[in-house]
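Okay, structure first, notes after.
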Number of protein chains: 2
Amino acid sequence: MRRAGLSRERILDAALELVDRDGVAALSMRRLGKELGVEAMTLYYYLPNKDAVLDGLVDRALAGVTVRPEGPWREWARAFAVSFRAALLAHPGLLPLLATRPVSTPGGLLTVEIAAGALVEEGFSPTEALHVITTLATFVIGQVLAEAGRTPGHDQPDPEPPVDPARHPVLAEALAAGLGTPGDHEDRFVYALDALVTGLAPR
Amino acid sequence: MRRAGLSRERILDAALELVDRDGVAALSMRRLGKELGVEAMTLYYYLPNKDAVLDGLVDRALAGVTVRPEGPWREWARAFAVSFRAALLAHPGLLPLLATRPVSTPGGLLTVEIAAGALVEEGFSPTEALHVITTLATFVIGQVLAEAGRTPGHDQPDPEPPVDPARHPVLAEALAAGLGTPGDHEDRFVYALDALVTGLAPR
DNA sequence: CTCGCTCTCTTACGGTGTAAGAACGTATCT
DNA sequence: AGATACGTTCTTACACCGTAAGAGAGCGAG
């Protein structure tokens with residue numbers, strides 16, 4: 001019964017690696033234990049339950065997302081959205097989790113407070129400021145869901161849904177023009193982000 | 001061994017009711033069978049597997065969402081977003097599913113094609129048109145996720161995350177002003193939707 | 001009556017999260 | 001050195017999950 005040198009951090013490391021590799025559906029306590037050379041129940045010494053593992057992963061994925069409110073607000077707001085998107089795309093397997101868990105970590109709240117404070121100085125009311133932030137965050141989540149979408153296991157590369165050019169001419173033409181390619185996702189994101197940020201303003 | 005008078009439709013009815021009541025996490029084949037007075041395996045006569053049940057539910061939830069491209073495009077686009085949001089809010093328990101499954105039903109594709117065609121006549125390129133549609137759809141999904149959010153079981157009413165007014169003055173003020181109330185969600189939605197639609201334009 | 005078809009059930013397998021508590025390895029104290 | 005305590009890991013067990021395989025019940029048609 002060798003000591004395995006475990007810790008919450010090491011467990012989350014392995015869990016993140018597992019999720020990145022095989023998707024969130026493949027994350028089970030037994031499987032995670034095996035990855036660490038340990039029985040499933042051992043993990044419960046470090047984490048109260050599986051939800052705590054998932055929460056830890058979400059936390060970790062969002063850890064690097066911050067906001068630096070300097071200069072014109074539209075600019076740093078855009079920068080925030082871009083870095084948020086990058087963080088989400090770094091671990092697509094976590095998306096289903098990220099999308100359905102509200103922001104409630106201390107770090108997340110702090111980021112929100114900082115951004116909201118800066119927006120208030122730009123003339124937004126506190127309520128409006130939070131609307132802007134929530135809008136930006138959910139906008140990014142929605143975009144990335146469409147981009148990396150699919151379901152948990154990021155499996156099927158592309159079963160090519162039957163897009164019949166006769167039935168769907170516009171759709172077919174756009175697909176032929178490269179819709180759905182990586183560069184296209186980037187394009188759409190900045191296109192839509194510009195549109196959104198341009199439209200946002202204090203009232 | 002009485003005939004239970006089942007059908008794919010009746011099963012989906014029961015499944016939707018179950019999900020609306022107890023959340024998607026509570027939907028299991030055995031449980032669904034019990035709801036219909038039948039053993040779990042019986043359901044497999046009508047549906048090939050559980051995923052088919054989930055797909056059926058998503059289909060059903062989105063069945064009523066259509067687009068009527070008449071008049072100024074910004075107006076019918078807004079109307080589409082509003083009706084899409086209403087459809088999502090009608091079955092919040094399905095949100096985790098709706099968010100992670102791409103639109104691939106025949107009806108969904110047709111709606112997309114119609115809207116894209118109308119946008120092309122407004123001067124958008126086919127690619128741009130699909131960008132607009134995807135952006136609108138994901139925007140709505142993101143907004144509703146934030147609105148009805150939480151996790152599967154729509155359980156805990158509000159554990160009140162510790163918003164310390166000293167640490168988060170702006171956040172606290174906005175909360176005091178009614179942030180998070182139903183009316184507020186509506187406000188934010190139209191606020192953000194206006195901003196987005198205003199910013200969208202052919203290039 | 002019997003065949004055949006439609007529908008439902010039984011049984012079984014390998015998976016899941018996790019509660020309870022036993023057993024091991026090591027450090028410390030006498 | 002031996003005993004004790006503690007931190008860590010494992011074993012066992014339970015209730016649940018999705019579903020493969022096939023047996024059986026009920027019914028209408030020949």
Side-chain angles (χ1 to χ4, degrees), chain A residues 1-19 21-59 93-94 96-97 100-101 150-153 155-156, chain B residues 1-19 21-59 93-94 96-97 100-101 150-153 155-156:
Chain A
M1 212 183 270
R2 268 295 201 296
R3 297 290 153 106
L6 287 185
S7 68
R8 203 188 99 103
E9 294 313 308
R10 262 181 52 70
I11 292 175
L12 290 180
D13 284 347
L16 190 53
E17 190 184 338
L18 180 58
V19 169
R21 185 171 4 105
D22 300 332
V24 73
L27 176 60
S28 78
M29 298 303 271
R30 286 177 236 260
R31 179 93 191 271
L32 181 52
K34 192 170 295 180
E35 211 86 5
L36 290 158
V38 118
E39 294 302 314
M41 287 311 289
T42 300
L43 306 174
Y44 285 82
Y45 183 76
Y46 301 92
L47 295 153
N49 50 47
K50 187 181 179 180
D51 256 14
V53 178
L54 301 181
D55 285 341
L57 292 182
V58 170
D59 241 49
L94 286 179
L97 300 181
T100 48
R101 314 215 156 197
R150 317 282 178 230
T151 9
D155 12 30
Q156 83 276 41
Chain B
M1 212 182 269
R2 270 295 200 298
R3 296 293 152 107
L6 287 185
S7 69
R8 203 187 100 103
E9 295 313 307
R10 262 181 52 70
I11 292 175
L12 290 180
D13 284 347
L16 191 53
E17 189 184 337
L18 180 58
V19 169
R21 183 168 9 103
D22 299 332
V24 73
L27 175 60
S28 77
M29 298 303 270
R30 286 177 233 260
R31 179 93 191 271
L32 181 53
K34 192 169 297 182
E35 211 86 6
L36 290 158
V38 120
E39 293 304 311
M41 287 310 290
T42 300
L43 307 174
Y44 285 82
Y45 183 76
Y46 301 92
L47 294 152
N49 50 47
K50 186 181 179 179
D51 257 14
V53 177
L54 301 181
D55 285 341
L57 291 183
V58 170
D59 242 48
L94 286 179
L97 300 181
T100 48
R101 313 215 158 198
R150 319 284 178 224
T151 5
D155 13 29
Q156 81 278 39

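Numbered from 1 within each chain, the chains take letters A, B, ... in sequence-line order.
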[N] [atom2] sits how many Å from [X] [atom1], rounded?
X        : N       : atom1 : atom2 : result
Lys34(B) : dC9(C)  : NZ    : P     : 13 Å
Leu6(B)  : dA25(D) : CG    : P     : 20 Å
Arg10(B) : dT8(C)  : CZ    : C1'   : 15 Å
Tyr46(B) : dT19(D) : OH    : P     : 18 Å
Leu43(B) : dC7(C)  : CG    : P     : 14 Å
Ile11(B) : dC7(C)  : CD1   : C1'   : 12 Å

Just to confirm, is there a sub-4.0 Å distance from OP1 or OP2 of dT8(D) to any side-chain nitrogen or oxygen of Tyr45(A)? yes

Within less than 4.0 Å of OP1 or OP2 of dC10(D), is there a side-chain N or O belonging to Thr42(A)? yes

Would you give the length of the straight line joining atom CG of Leu12(A) to atom CZ of Arg10(A), rounded to the nearest 0.5 angstrom? 11.5 Å

Once rounded to the nearest 0.5 Å, what's the spacing between atom CZ of Arg30(A) and atom NZ of Lys34(A)? 10.0 Å

Return a single string for nucleotides 13-20 of chain C, one symbol per nucleotide in 5' to 3' order, where B is base contact, S is sugar-phosphate-only contact and - is none, cutoff 4.0 angstrom on heavy atoms. ---BBBBB

Could you work out, with side chain to side chain contact (heavy atoms under 4.5 Å, CB included) as the rule, every residue matching Glu17(B), not counting sequence neighbours? Arg21(B)

What's the shortest heavy-atom distance between Leu43(B) and Met29(B), and which atoms? CD1-O, 3.4 Å

So which heavy atom on Leu36(A) is nearest to which on Ala14(A), and how close? CD2-CB, 3.7 Å

Please enumerate all residues that pass salt bridge (Lys or Arg N to Asp or Glu O under 4.0 Å) together with Asp59(B), with sequence neighbours excluded. none

